[in-house]
Amino acid sequence: SIAYSALLNGLCKAKRLVEARVLFEAMKVGDCKPNLVSYSVLIDCVCKNGEVGEGLSLLEEMEREGLCADVFVYSSLISAFCGKGDVEKGRELFDEMSRKNVSPNVVVYSCLMQGLSKSGRWREASDMVNEMMARGIRPDVVTYTLLADGLCKSGRVEEAVKVLDLMVKKGEEPNNLTYNVVVNGLCMDDRMDDALRIVERMVKKGKKPDLVTYNTLLKGLCGAGKVDEAVNLLRTLLSEKFHLKPDVFTFNNVIQGLCKEGRIRDAERIHSTMVEKGLVGNIVTYNFLIEGCLNAGKLVKALEIWKYAVDSGFSPN
RNA sequence: UCCAAGAGAUUCC
């Protein structure tokens, strides 16, 4: 059953859900019955595939089979419900799990916090941190990153910046994701200078800005009307000796910035560079370009791009 | 007894 579960996990992580289900059914009729981990893997998989209802059915099924769901199973389900904005169902599962004497851990709290933050309920999310500490569960770097992100996205960037100090005081070092969250918050708040100061701070702490950091800064620069600076930064990222490879987000951010200013020719040039680099763009790329053309009154060009996108295999959304 | 499988966070319309 352990080997089967490992294989099941591989299939699930590779998004080969059909084969995963076949394997799971084979386990049921064979000698190696699905165990707790098998159910955990499959539940997580169907949930990530958007089928949370089936996740719940599998939970019932495993209980009928005499298996007790553990904190892994519950965190997959809670994460799925919270992820789609249904915090109430997440809490219900949290209570159900408590009734069954399964103790929550830091991951379960993270899932709930994310759900609360997504619904703009940052105050409840930050209460969660206190609640978990009161229960002897130590917040980790993910907890603080979620807290900072929730605060940023509720327009409380200043408090998010303070989380960086708070967590250090509590013995947790911010990592790249934590810094990126705060940099993004500051960029969205049009505070590029402060965002750059956070980047400096992360470098001082020995963390290397990664592609997400740069993508975030590019978006921030464009949003602050510094599109040319964004283009220059993109050039740096594209240089041979630079250690990171720009991705579709990188290009899209700059393309969006140029399109917003009506600089369609420049946006197209950037798009060409992207294609030369072997990146095909995605539906968002083409939406930016088409929207830019339309706003600039370039209907023919917009249709050309539409056709190009469709011919490249994209379905207009 | 030991060893092996599973869950949470950041950037684009």
- Message: If the cut-off is 4.0 Å, is A:K219 near the phosphate of B:rC12, judged by side-chain N/O to OP1 or OP2?
- Response: yes
At under 4.0 Å between heavy atoms, what does [X] touch on the DNA or RNA strands: base, sugar-phosphate, or nothing?
{"X": "A:V181", "answer": "sugar-phosphate"}
{"X": "A:V212", "answer": "base"}
{"X": "A:N176", "answer": "nothing"}
{"X": "A:K118", "answer": "nothing"}

- Hey, is the main chain of A:I290 close enough, under 3.5 Å, to the side chain of A:N287 for a donor-acceptor pair? no
- Message: Under a 3.5 Å distance rule, please check whether A:R138 uses its side chain to pair with a backbone N or O of A:K170 as donor and acceptor.
- Response: yes
What's the [atom1]-[atom2] distance between [X] and [N], to the nearest Å?
{"X": "A:M167", "N": "B:rU10", "atom1": "CE", "atom2": "C1'", "value": "13 Å"}
{"X": "A:N253", "N": "B:rC13", "atom1": "CG", "atom2": "P", "value": "8 Å"}
{"X": "A:D140", "N": "B:rG8", "atom1": "CG", "atom2": "P", "value": "13 Å"}

- Task: Taking all non-hydrogen atoms of both residues into account, name the closest pair between A:L217 and A:M192 and its distance.
- Result: O-CE, 3.8 Å
- Query: Between A:R191 and A:E158, is the closest basic N to carboxylate O distance under 4.0 Å?
  - Reply: yes
